[in-house]
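Treat the numbers as computed from the prediction; the structure is a model and nothing was measured. We number each residue from 1, following the sequence as shown.
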Amino acid sequence: MILAPGATIGILGGGQLGRMLAIAAAQLGYRTHIYAPEASGPATEVSAEWTRAGYDNQTALTRFAASVGVVTYEFENVPAEALELLEGLVPVRPGRRSLEVSRFRPSEKTLVRELGGRTAPFRAVESLAELRDAVADIGVPAILKTSSLGYDGKGQVRLGEGADLYAAWQEIGGVAATLEGFVRFETEFSVILCRGADGAVVHWDTPENRHRNGILDRSMVPAPSIVLDQAERAIALATKAAEALGHIGVLTCEFFATADGPVFNEMAPRVHNSGHWTIEGAVTSQFENHIRAICGLPLGSTARTGARVEMRNLIGEDANDWPGILADPAAKLHLYGKTVRAGRKMGHVTKILP
Ligand code: AMP
């Protein structure tokens, strides 16, 4: 299927990723129609249409599907029933397998292991008794994470020696969870790739990612040598995952760089915060290549545009410093149009460095 420019692309979710996807789509001559339960969001000002409705509203989903040529999404927790309904009416890219595997931690880790990759030791736990067994098996330190819906370090509890497992189980809300052994890593990085509708795969440089309070703080390319030395293995693994999933569009895999090589952490079947640097830092951004892929167009070059590129997230109050940021003529400021709240991703700044 090729969807020619002029057509309308449906996007589930109207946050900043939807906003940046819509901007890339507009540049290629497409219209976008956002579907989200909220009345408005960062994608409001940049999309032609906005349907405000829940993911369980079959009438609204059906009308939405009839108005677009392809559907994509900016988050992986699209409810299964909504996906099923949409799939029967319009191409949904990336497809069902990508969503099913990536929204559940144990299944993405299992896939990666089947493909020959390494993960932290892990066990799925569904009760306090299973958590006790898992801790006895994996040991501490360990991290208990909700298996679905976690983001930016939310839905996670670290367990050390003598940890109160009852309290930890309560803290994550007693929902399906994954206990992971603690990985001793040197740093973190991500593989951001895009698989076209014809199966062609391109990838960008693998950024080193530094986190602060569980939220991405900076992404930098080129990454240090410890990452570069293991990037090829990580890229090969992420490519195999994309192929196994029949993935179309951008796929992001996050890794720990350890002394013994890359350890897979998690994947997102979508554009990712650690790829925002590609807007100015690469010939074709992650957003543009995602749009090209889901529309069946050839993918653009992912070559870096400068010697070094650094992307810094603006969290909460950081965004109020926009005059200071703009005082540097080399800084490229992106604000998402949100009201400032502590811990909220408000925007980012990218710099191409000599
Ligand atoms: P996640 O939501 O899985 O991306 O986790 C958020 C952050 O917590 C990661 O980027 C790491 O810095 C840290 N983290 C997560 N899992 C582990 C682990 N198994 N071992 C060590 N650190 C971890």
Next on the checklist: Is it the case that the side chain of Thr51 and the backbone of Ala53 share a donor-acceptor pair, with hydrogens and angles ignored and the cut-off at 3.5 Å?
Outcome noted: no
Checklist entry - Phe255 versus Val191: any side-chain heavy-atom pair under 4.5 Å? => result yes
Next on the checklist: Under 3.5 Å, is there a donor on one side chain and an acceptor on the other for Arg31 and Thr8?
Outcome noted: yes
Item to check | Under the side chain to side chain donor-acceptor pair (under 3.5 Å) test, residues paired with Arg52 that sit two or more places apart | outcome: none
Next on the checklist: Can you tell whether the side chains of Arg210 and Asp217 come within less than 4.0 Å, N to carboxylate O?
Outcome noted: no
Next on the checklist: Quick check on the 6.0 Å ring-centre criterion: do Tyr35 and Tyr55 meet it?
Outcome noted: yes
Checklist entry - Can you find a side-chain donor-acceptor pair between Asn289 and Thr284 that sits under 3.5 Å? => result no
Next on the checklist: Looking at Glu74 and Arg270, is any side-chain nitrogen of the basic one under 4.0 Å from a carboxylate oxygen of the acidic one?
Outcome noted: no
Checklist outcome for this item: Between Trp277 and the options Arg304, Arg218, Lys332, His348, the side-chain contact (heavy atoms from CB on, under 4.5 Å) test singles out Arg304
Listed pairs under 3.5 Å, donor-acceptor, residues 316-323 side chains, sequence neighbours left out:
unit_1	atom_1	unit_2	atom_2	d
Glu317	OE1	Asn320	ND2	3.0
Asp318	OD2	Ile315	N	3.0

Checklist entry - For Phe256 and Glu188, which heavy atoms make the closest approach, and how far apart are they? => result CE2-OE1, 3.5 Å
Next on the checklist: Counting only heavy atoms not in Glu49 (residues, nucleotides, ligands), do more than 12 fall under 6.0 Å from its CD?
Outcome noted: yes
Checklist entry - How far does OH of Tyr336 sit from NZ of Lys345, to the nearest 0.5 angstrom? => result 8.0 Å
Item to check | salt bridge (Lys or Arg N to Asp or Glu O under 4.0 Å) contacts in which one or both residues fall within residues 129-146, not counting sequence neighbours | outcome: Arg123-Asp137, Lys145-Glu180
Next on the checklist: For the backbone of Pro222 and the side chain of Glu208, can you confirm whether one donor and one acceptor N or O come within less than 3.5 Å of each other?
Outcome noted: no
Item to check | Heavy-atom side-chain contact between Phe75 and Leu12 under 4.5 Å | outcome: yes
Checklist entry - Closest heavy-atom contact between His276 and Met311? => result CB-CG, 4.1 Å
What donor-acceptor contacts under 3.5 angstrom involve side-chain atoms of residues 88-97, with partners at least two apart or in another chain?
unit_1	atom_1	unit_2	atom_2	d
Arg93	NH1	Ile294	O	3.0
Arg96	NE	Glu87	OE1	3.3
Arg96	NE	Glu87	OE2	3.3
Arg96	NH1	Glu100	OE2	3.4
Arg96	NH2	Glu87	OE1	2.7

Donor-acceptor pairs are to be reported for all side-chain atoms of residues 228-236 against protein atoms at under 3.5 Å, with residues two or more places apart or in another chain.
unit_1	atom_1	unit_2	atom_2	d
Gln230	NE2	Ile226	O	3.3
Gln230	NE2	Thr258	O	3.2

Next on the checklist: Looking at every heavy atom in both Leu193 and Trp204, which two are closest together, and how far apart are they?
Outcome noted: C-CZ3, 3.9 Å
Item to check | Side-chain hydrophobic cluster, 4.5 Å single linkage: members besides Val140 | outcome: Val125, Leu128, Leu131, Val135, Ile138, Leu144, Val157, Leu159, Leu165, Tyr166, Trp169, Ile172, Leu179
Checklist entry - Does CD in Glu45 sit with more than 12 non-hydrogen atoms of other residues, nucleotides or ligands closer than 6.0 Å? => result yes
Item to check | Donor-acceptor pair, side chain of Asn57 and main chain of Thr59, under 3.5 angstrom | outcome: yes
